[in-house]
Amino acid sequence: MEAPPERFRLFEELQLQELPGKFVIRSKESPIQGFSVDRCSGDILSPLVGDEDVPADNCRTSIIYGVVGTIRLLAGTYVLVITSRKEVGTLFGFPIYRVTSMRFLCCNEAVNLSTPQEKKYEAYFMALLKVIESTPGLYYSYETDITLNMQRRFQLADGWMRKPPWKQADPRFVWNKNLLEELIELKLDKFILPLLQGNILKLL
């Protein structure tokens with residue numbers, strides 16, 4: 001009988017495909033695992049089905065380094081992804097990264113059917129989203145939780161690190177806690193990346 005893994009590890013590099021009607025996000029190391037987001041309704045579909053299982057040739061493709069979460073506004077959904085990162089050290093032997101750039105994927109084509117007042121509100125909220133994209137001091141790890149101190153870690157039961165990172169983390173210190181709710185509901189554990197905001201360098 002195969003032994004269970006010692007720790008839960010998130011997908012590190014993701015492939016983002018921008019198709020006319022949807023965004024497809026899949027693991028680079030395991031391309032059959034991923035999900036799609038409808039560009040009009042913002043609905044998230046998982047697992048990948050049909051033509052999504054085969055990379056499309058007629059789309060823009062890029063590498064991203066994590067899904068920060070989703071925000072639903074009046075006219076649609078916005079998916080925040082990490083577009084660049086920098087390794088800043090290790091914690092308990094695991095690499096720690098700082099987010100250096102993020103981008104919102106806009107699934108708001110329904111805005112064209114909105115009233116002028118709704119479009120005005122949407123433009124205001126989108127300006128706020130631009131501020132979120134440039135949030136400084138966000139850190140994360142694909143292999144270990146960084147929200148708990150050493151004393152708390154040693155108090156936890158065996159098997160704790162085999163849980164998804166969002167279940168390991170102290171929710172009080174997860175910067176994107178509210179943004180992760182939809183991904184958690186869909187059980188996309190391999191893509192759920194808790195972020196910590198602050199000066200983590202003191203811990204490294």
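Computed over heavy atoms, backbone and side chain alike; hydrogens, waters and symmetry mates excluded. The structure displayed is predicted, hence computed values, not measured ones.
Applying the salt bridge (Lys or Arg N to Asp or Glu O under 4.0 Å) rule to Lys120 yields no partners; only residues at least two apart in sequence or on another chain are considered. Evaluation of the side-chain contact (heavy atoms from CB on, under 4.5 Å) rule for Pro95 yields Glu87, Tyr97, Glu143 as partners, not counting sequence neighbours. Annotation: side-chain contact (heavy atoms from CB on, under 4.5 Å) contacts of Arg172 (sequence neighbours excluded): Asp170.
Nearest heavy-atom pair, Pro31 versus Arg26, reported as atom, atom and distance to 0.1 Å: O-NH1, 2.7 Å. The minimum heavy-atom distance between Phe94 and Ser141, with the atom names listed, is CB-OG, 4.2 Å. Residues Gln197 and Pro136 come closest through the heavy atom pair NE2-O, 3.1 Å. Of all the heavy atoms in Asn176 and Leu195, the pair that sits closest is OD1-N, 2.9 Å. Residues Ser46 and Gly34 share a closest heavy-atom pair of OG-O, 3.6 Å. Closest of all the heavy-atom pairs between Thr147 and Ala169 is OG1-CA, 3.4 Å.
A salt bridge (charged side-chain N to carboxylate O under 4.0 Å, His left out) check over residues 27-37, counting only residues at least two apart or in different chains, returns the pairs Glu13-Lys28. Residue pairs meeting the side-chain hydrogen bond (donor to acceptor under 3.5 Å, both in side chains) criterion with at least one member in residues 127-136: none, sequence neighbours excluded.
We find the NZ-CD1 distance between Lys22 and Ile44 to be 14.0 Å, quoted to the nearest 0.5 Å. To the nearest 0.5 angstrom, Ser36 atom OG is 9.5 Å from Ile25 atom CD1. Taking OH of Tyr139 as the reference point, atom CG of Leu196 lies at 9.0 Å (rounded to 0.5 Å). Atom CD of Glu18 is separated from atom CG of Leu105 by 6.5 Å, given to the nearest 0.5 angstrom. Rounded to the nearest 0.5 Å, atoms CG (Leu129) and CZ (Arg103) are 13.5 Å apart. Summarising the geometry, atom CG belonging to Leu180 is positioned 8.0 Å from atom CG belonging to Leu193; distances are rounded to the nearest 0.5 Å.
Judged purely by atom type and a 3.5 angstrom limit, Ser27 has no side-chain atom pairing as donor or acceptor with the backbone of Gln33. The main-chain N or O of Ser84 is found under 3.5 Å from a side-chain atom of Thr100 such that the two form a donor-acceptor pair. One N or O on the side chain of Asp38 and one on the backbone of Ser41 form a donor-acceptor pair closer than 3.5 Å. Of the possible polar contacts, one joining the Lys190 side chain to the Arg9 backbone as a donor-acceptor pair under 3.5 Å is found.
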Worked verdict on Val37 versus Phe35 for side-chain contact (heavy atoms from CB on, under 4.5 Å): CA-CA 7 Å; Val37 188; Phe35 60 93; 4.0 Å; yes
Test side-chain contact (heavy atoms from CB on, under 4.5 Å) applied to Thr83 and Tyr65, step by step: CA-CA 6 Å; Thr83 53; Tyr65 300 97; 6.0 Å; no
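Looking only at side-chain heavy atoms (C-beta outward), Leu179 and Ile71 come within less than 4.5 Å of each other. Contact of the Leu138 side chain with the Arg98 side chain is not registered, since no non-hydrogen atoms from C-beta on lie closer than 4.5 Å. A 4.5 Å side-chain heavy-atom check between Ile96 and Ile146 finds at least one atom pair inside the cut-off. Gln168 places none of its side-chain heavy atoms less than 4.5 Å from the side chain of Arg162. Between Phe11 and Ser30, some side-chain heavy-atom pair lies under the 4.5 Å cut-off. Counting only heavy atoms from C-beta outward, the side chains of Val68 and Val81 never approach each other to under 4.5 Å. By the 4.5 Å heavy-atom criterion applied to side chains, Leu14 and Val67 are counted as neighbours. Ile132 places a side-chain heavy atom less than 4.5 Å from the side chain of Phe104.
Both cation-pi conditions hold for Arg39 and Phe23: the charged atom is under 6.0 angstrom from the six-membered ring centre and inside a 45 degree cone around its axis. The cationic group of Lys163 does not satisfy the cation-pi geometry with Phe8, failing either the under 6.0 Å distance to the six-membered ring centre or the 45° limit from the ring axis.
Linking Ile, Leu, Val, Met, Phe, Trp and Tyr whenever their side-chain heavy atoms come within less than 4.5 Å leaves Val131 and Met102 in two separate clusters.
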Atom pairs and distances, donor-acceptor, side-chain atoms in residues 181-188, under 3.5 Å, two or more places apart:
| from | atom 1 | to | atom 2 | distance (Å) |
| --- | --- | --- | --- | --- |
| Glu182 | OE1 | Thr70 | OG1 | 3.1 |
| Glu182 | OE2 | Arg72 | NH2 | 2.9 |

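Below 30°, between 30° and 60°, or above 60°: for Tyr142 and Tyr140 the angle between ring planes is above 60°, a perpendicular geometry.
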